[in-house]
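A quick write-up on the structure given underneath.
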Amino acid sequence: MTGQQPQPEPVGFVGLGRMGRPMARSLLRAGFPMVVWNRGAGPAAQLAAAGAHPAASPAELARAARVVLTMLPDLPEVEEVLAGEDGLLHGLRPGAVLVVMGTVSPAGVAELGARLRPAGVAVVDAPVSGGEAGAEQATLSIMAGGRPEDVARVRPLLEAMGGTVEHFGPLGAGQLAKACNQVVVAATITALAEASLLARAGGLDPRQLFAVLAGGLAGSRVLELKGEKLLGHDFRPGGAAAFQHKDLGFALAAARAEGVALPLTALVDQLFGAARWSGFGDDDHTVVLRVLERLAGRAP
């Protein structure tokens, strides 16, 4: 007679935005008991209908879960949910693991881990790439940093949300890998925006051009996912331009710390900064096309 399989421990998830909500749903579909918290109650209620337990506060969530995942824009937002009597730190116990899945500073998350270590709380950084489509389909690329035993402990959770999970090294290494990812994403979006602008200016059909690019060496996942937005000037929010600018700042800061020149990244950073300062920060990062059109005097 075989015994019953032990029930997985509850997992806490904080931050149920465009990315966090489908990521939490993936964990529910994989059979993990979920405790969730979000500043706005609506997303938590939606997940409650799917079987999650909404917590009244981050502290309550941390008391119920030994592993807590956060999907928040940056470290200040993580610090905010950690702090205070209702914060995560008031509920996290020794042996808990905090997984920072938003894109943050590599040095900053390493410093956070050093601060939480004396309390017996381990930190893993595990930023993601793949956008909302990857979150919905549980095909995200996930870049992890942290102690091997901590990453191994949370790997089943990461694999439930992603098709590719790589452990890059100590705490902060996942964020450095994500910074490299963002260098490529931002540069590719900018190159596609420039190509579409040049095609239109020269009388070519940009859609026809993108079809040719997709079939050759210039084809990419970025073109596949973002081509239609560029062609249609559809800048409705997806990956926000402000977040892209923030992430490029992390890449440039890491480059300065390592003594590495990233001239292309510095230029692309300026373009996304211009998008942000022009009031386009909440738009999809393909809005860099609008910046280029303004520079060319061809704004629609």
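The basis for the numbers below is simple: all heavy atoms, side chains too, and nothing from hydrogens, waters or symmetry mates. Computed from a prediction, not measured in an experiment: that's the story for all the values here.
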Problem set entry | E293 CD to L197 CG distance, which is reported to the nearest 0.5 Å | 6.0 Å
Problem set entry | Contact summary for A62 and L92, nearest pair of heavy atoms | CB-N, 3.5 Å
Exercise. Between E224 and F210, is a side-chain contact (heavy atoms from CB on, under 4.5 Å) present by the stated rule, with each step listed?
Worked result: CA-CA 9 Å; E224 180 185 338; F210 276 15; over 6 Å; no
Exercise. Nearest heavy-atom pair of L230 and L289: which atoms, and what distance?
Worked result: O-CD2, 3.7 Å
Exercise. Is there a donor-acceptor pair under 3.5 Å between the side chain of E77 and the backbone N or O of D74?
Worked result: yes
Seminar exercise, completed: Shortest non-hydrogen pair, G131 vs L140, comes out as O-CD2, 3.7 Å
Exercise. Hey, what do you get for CD1 (I142) to CE (M161), rounding to the nearest 0.5 Å?
Worked result: 5.0 Å
For this session: Return the minimal non-hydrogen interatomic distance between G12 and A65, and the atom names on each side.
Result: N-CB, 3.3 Å
Exercise. When rounded to the nearest 0.5 angstrom, what is the spacing between OG in S278 and CG in D283?
Worked result: 10.5 Å
Problem set entry | Check: A193 main-chain N/O paired with S196 side-chain donor or acceptor under 3.5 Å | yes
Problem set entry | Main-chain N/O of A135 paired to T139 side chain as donor or acceptor, under 3.5 Å | no
For this session: Supply the atom-to-atom distance F32 CZ to L157 CG, rounded to the nearest 0.5 angstrom.
Result: 4.5 Å
Exercise. Going by an N to O cut-off under 4.0 Å, is there a salt bridge joining R115 and E111?
Worked result: yes
For this session: Please confirm whether H233 and F235 have ring centers closer than 6.0 angstrom.
Result: yes
Exercise. Counting only heavy atoms not in Q208, do more than 12 sit closer than 6.0 Å to its CD atom?
Worked result: no
Problem set entry | Expected output: side-chain H167 to main-chain M143 donor-acceptor under 3.5 Å | no
Problem set entry | Residue pairs involving residues 46-68 (criterion side-chain hydrogen bond (donor to acceptor under 3.5 Å, both in side chains); sequence neighbours excluded) | R21-Q46
Seminar exercise, completed: The reported gap from CG in L192 to OG1 in T286 (rounded to nearest 0.5 angstrom) is 10.5 Å
Exercise. For G239, does its backbone N or O pair with a side-chain atom of D284 as donor and acceptor, under 3.5 Å?
Worked result: yes
Seminar exercise, completed: Smallest heavy-atom separation, R200 atom then P206 atom, equals CG-CG, 3.2 Å
For this session: Taking D125 for its side chain and V100 for its backbone only, find out whether a donor-acceptor pair lies under 3.5 Å.
Result: no
Exercise. Quick check: does any side chain N or O of D234 sit under 3.5 Å from a backbone N or O of R236, one acting as donor and the other as acceptor?
Worked result: yes
Problem set entry | Derivation of the side-chain contact (heavy atoms from CB on, under 4.5 Å) call for M34 and L47 | CA-CA 9 Å; M34 296 290 299; L47 284 167; over 6 Å; no
Exercise. Got a donor-acceptor contact below 3.5 angstrom from the N38 side chain to the L16 backbone?
Worked result: yes
For this session: Could you give me the CA-CA distance, side-chain angles and deciding distance for T103 and K178, then say whether side chain to side chain donor-acceptor pair (under 3.5 Å) is met?
Result: CA-CA 7 Å; T103 303; K178 178 61 185 289; 2.6 Å; yes
For this session: Looking only at non-hydrogen atoms, find the nearest pair between L171 and V123 and report the distance.
Result: CD1-O, 3.3 Å
Exercise. When you measure from the side chain of Q175 to the backbone N and O of V104, does any donor-acceptor pair fall under 3.5 Å?
Worked result: yes
